[in-house]
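Written below as structure tokens is the structure these notes are about.
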Protein chains: 2
Amino acid sequence: MPGFKGQATYSVDGKGRIAIPSRMRTCMSPEAHNTLVATRGFERCIFVYPLDGWMEIEEQISALNPYSHKHRAFIRRFMRWADEVTIDAKGRIPLQRPLLEYAGIEKTSLILGNQKYLEIWDPQRFDDYLEAEEADYETLAAEVMGS
Amino acid sequence: MPGFKGQATYSVDGKGRIAIPSRMRTCMSPEAHNTLVATRGFERCIFVYPLDGWMEIEEQISALNPYSHKHRAFIRRFMRWADEVTIDAKGRIPLQRPLLEYAGIEKTSLILGNQKYLEIWDPQRFDDYLEAEEADYETLAAEVMGS
DNA sequence: CACAATTTCCCACAATTTCCCACAATTTTT
DNA sequence: AAAAATTGTGGGAAATTGTGGGAAATTGTG
């Protein structure tokens with residue numbers, strides 16, 4: 001099963017709804033039950049996991065030690081913003097204001113397929129992010145993918 | 001199973017469709033399910049992988065650590081332009097405008113078989129590329145061989 | 001319990017994509 | 001060489017997709 005890929009620029013309507021590109025919807029396994037979990041991501045974007053992928057992460061989380069101060073702190077931050085949403089008949093999901101505000105999204109959003117999950121960005125912020133990255137793509141590729 | 005080889009000059013129709021030469025189509029294994037993945041390639045052409053070949057690459061990607069800043073940066077850049085397409089009844093694939101623009105392709109395209117994947121070029125740009133390489137070669141020769 | 005605010009569900013519409021058919025040119029078969 | 005099949009090209013019809021907004025259901029609050 002191939003992962004999420006590609007990008008799209010979609011509008012955010014007055015009710016905070018964003019369409020999930022059909023190309024990405026078809027990548028979801030039936031076990032996800034048309035359900036996604038949106039949460040705060042890194043680099044100030046929104047991460048959106050299909051339910052089955054999210055469950056795997058939760059399993060990792062539940063393996064952590066609840067008596068460790070550090071682990072508790074991580075779990076709180078991680079679970080706090082997670083929001084389970086179902087895809088409506090038109091392929092959209094509603095996102096809560098706090099999440100949109102965190103990502104600085106207003107009327108337009110950039111949706112990126114990122115293999116196991118989706119990312120939703122404010123288009124301008126994503127441009128800034130790309131620019132701020134020190135290494136260019138080819139250098140990065142060589143570094144990450146090794147020889 | 002032999003790799004992709006040969007070249008062909010094909011037209012791009014108003015809907016962004018390009019035919020895959022039948023000679024190259026027959027090189028695809030059944031596991032590709034008549035599906036290809038097109039993405040940005042190096043030197044400003046489009047790379048097109050058969051699905052099974054692409055999956056091998058994705059497997060490498062999924063082995064990366066999503067909690068590493070650097071790895072995330074790479075995955076984003078890599079998956080961003082990828083587009084999964086299926087070959088239609090007439091042996092064509094639809095390519096998105098952004099990809100065609102990246103490669104500078106308008107009405108005509110040059111398709112090159114390159115073993116594990118195909119390359120799609122703007123014919124003029126490919127000529128320029130060859131010529132530039134030639135220049136580099138002469139410079140290199142003068143540098144290395146000149147007393 | 002009532003009422004306001006939010007969320008969910010449903011319908012409408014334009015734009016795009018997908019599917020299907022026609023046709024000329026080429027290749028393969030007879 | 002003729003007939004048949006395949007290939008590349010184009011375009012129309014049908015289905016899907018993305019967008020918006022209204023009505024019904026749900027929720028929280030006084």
Side-chain angles (χ1 to χ4, degrees), chain A residues 4-28 33-38 46 48 51 81-101 105-113 118-123, chain B residues 4-28 33-38 46 48 51 81-101 105-113 118-123:
Chain A
F4 297 115
K5 58 178 71 70
Q7 67 178 339
T9 304
Y10 279 6
S11 67
V12 183
D13 70 22
K15 298 179 187 175
R17 293 177 300 189
I18 299 182
I20 305 297
S22 70
R23 188 169 320 121
M24 299 183 190
R25 258 180 282 141
T26 56
C27 287
M28 290 175 58
H33 294 97
N34 270 327
T35 304
L36 298 166
V37 178
I46 300 171
V48 182
L51 185 58
W81 301 104
D83 180 29
E84 200 174 311
V85 292
T86 59
I87 302 177
D88 76 11
K90 290 299 169 204
R92 293 170 295 195
I93 55 170
L95 292 180
Q96 314 214 345
R97 302 293 153 190
L99 274 182
L100 292 172
E101 276 165 27
I105 295 169
E106 298 189 352
K107 309 212 84 51
T108 311
S109 67
L110 178 71
I111 305 175
L112 295 183
L118 304 177
E119 297 186 351
I120 305 182
W121 291 73
D122 170 56
Chain B
F4 297 116
K5 57 178 74 70
Q7 66 174 345
T9 304
Y10 278 6
S11 67
V12 183
D13 70 22
K15 297 179 186 173
R17 293 177 299 190
I18 299 183
I20 305 297
S22 70
R23 167 167 28 102
M24 298 184 189
R25 256 181 282 142
T26 55
C27 288
M28 290 175 59
H33 293 98
N34 268 327
T35 304
L36 298 166
V37 178
I46 301 171
V48 182
L51 184 59
W81 301 104
D83 181 27
E84 202 174 310
V85 293
T86 59
I87 302 177
D88 75 10
K90 291 299 168 204
R92 293 170 295 194
I93 54 170
L95 292 180
Q96 312 211 335
R97 303 292 152 189
L99 275 182
L100 292 172
E101 276 165 28
I105 295 169
E106 298 189 351
K107 309 212 86 50
T108 313
S109 67
L110 178 68
I111 305 175
L112 297 182
L118 304 176
E119 296 185 355
I120 305 183
W121 291 74
D122 170 56

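Since we're looking at a predicted model, the values are computed, not measured. Protein chains get the first letters and strands the later ones, always in sequence-line order, with residue 1 at the start of each.
- Where pairing requires Watson-Crick or G-U contacts shorter than 3.5 Å, the helical stems of DNA chain C with at least three consecutive pairs are C:1-30 with D:1-30.
- A:I93 has its CD1 atom 16 Å from the C1' atom of D:dT19, to the nearest Å.
- Within the nucleic acid shown, A:I18 has no heavy atom closer than 4.0 Å to any nucleic acid atom.
- In terms of phosphate contacts, A:S22 brings no side-chain nitrogen or oxygen within less than 4.0 Å of OP1 or OP2 of D:dT16.
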Quick one: do A:S11 and A:T108 satisfy side chain to side chain contact (heavy atoms under 4.5 Å, CB included)? Show the steps, please.
-> CA-CA 4 Å; A:S11 67; A:T108 311; 5.7 Å; no
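- Between A:R23 atom CZ and D:dG18 atom C1' there is a gap of 12 Å when expressed in whole angstrom units.
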Could you write out each protein N or O paired with an N or O of nucleotides 7-11 of chain C at a distance under 3.5 Å?
| residue | atom | partner | partner atom | Å |
| --- | --- | --- | --- | --- |
| C:dT8 | O4 | A:K15 | NZ | 3.2 |
| C:dC9 | N4 | A:R17 | NH1 | 3.4 |

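- A:R92 places no side-chain N or O within 3.5 Å of a backbone atom of A:I87 that could act as its donor or acceptor partner.
- Using a 4.0 Å cut-off between a side-chain N of Lys or Arg and a carboxylate O of Asp or Glu, A:D13 and A:K107 do not qualify as a salt bridge.
- In this structure, B:I111 atom CD1 and D:dG8 atom P are separated by 9 Å, rounded to whole Å.
- B:S109 pairs with exactly one of B:D122, B:L100, B:I120 by the side-chain contact (heavy atoms from CB on, under 4.5 Å) rule, that one being B:I120.
- Close to D:dG8, at under 4.0 Å from its OP1 or OP2, lies a side-chain N or O of B:R25.
- Electrostatic pairing of A:R23 and B:E84 does not count as a salt bridge here, judged by no charged N lying under 4.0 Å from a carboxylate O.
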A:I18 and A:I111: side chain to side chain contact (heavy atoms under 4.5 Å, CB included), yes or no, with the steps?
-> CA-CA 9 Å; A:I18 299 182; A:I111 305 175; 3.7 Å; yes
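- We find the CG-CD1 distance between B:L95 and B:I46 to be 5.0 Å, quoted to the nearest 0.5 Å.
- Between the side chain of A:T35 and the backbone N or O of A:T86, no donor-acceptor pair lies under 3.5 Å.
- Close to D:dG10, at under 4.0 Å from its OP1 or OP2, lies a side-chain N or O of B:S11.
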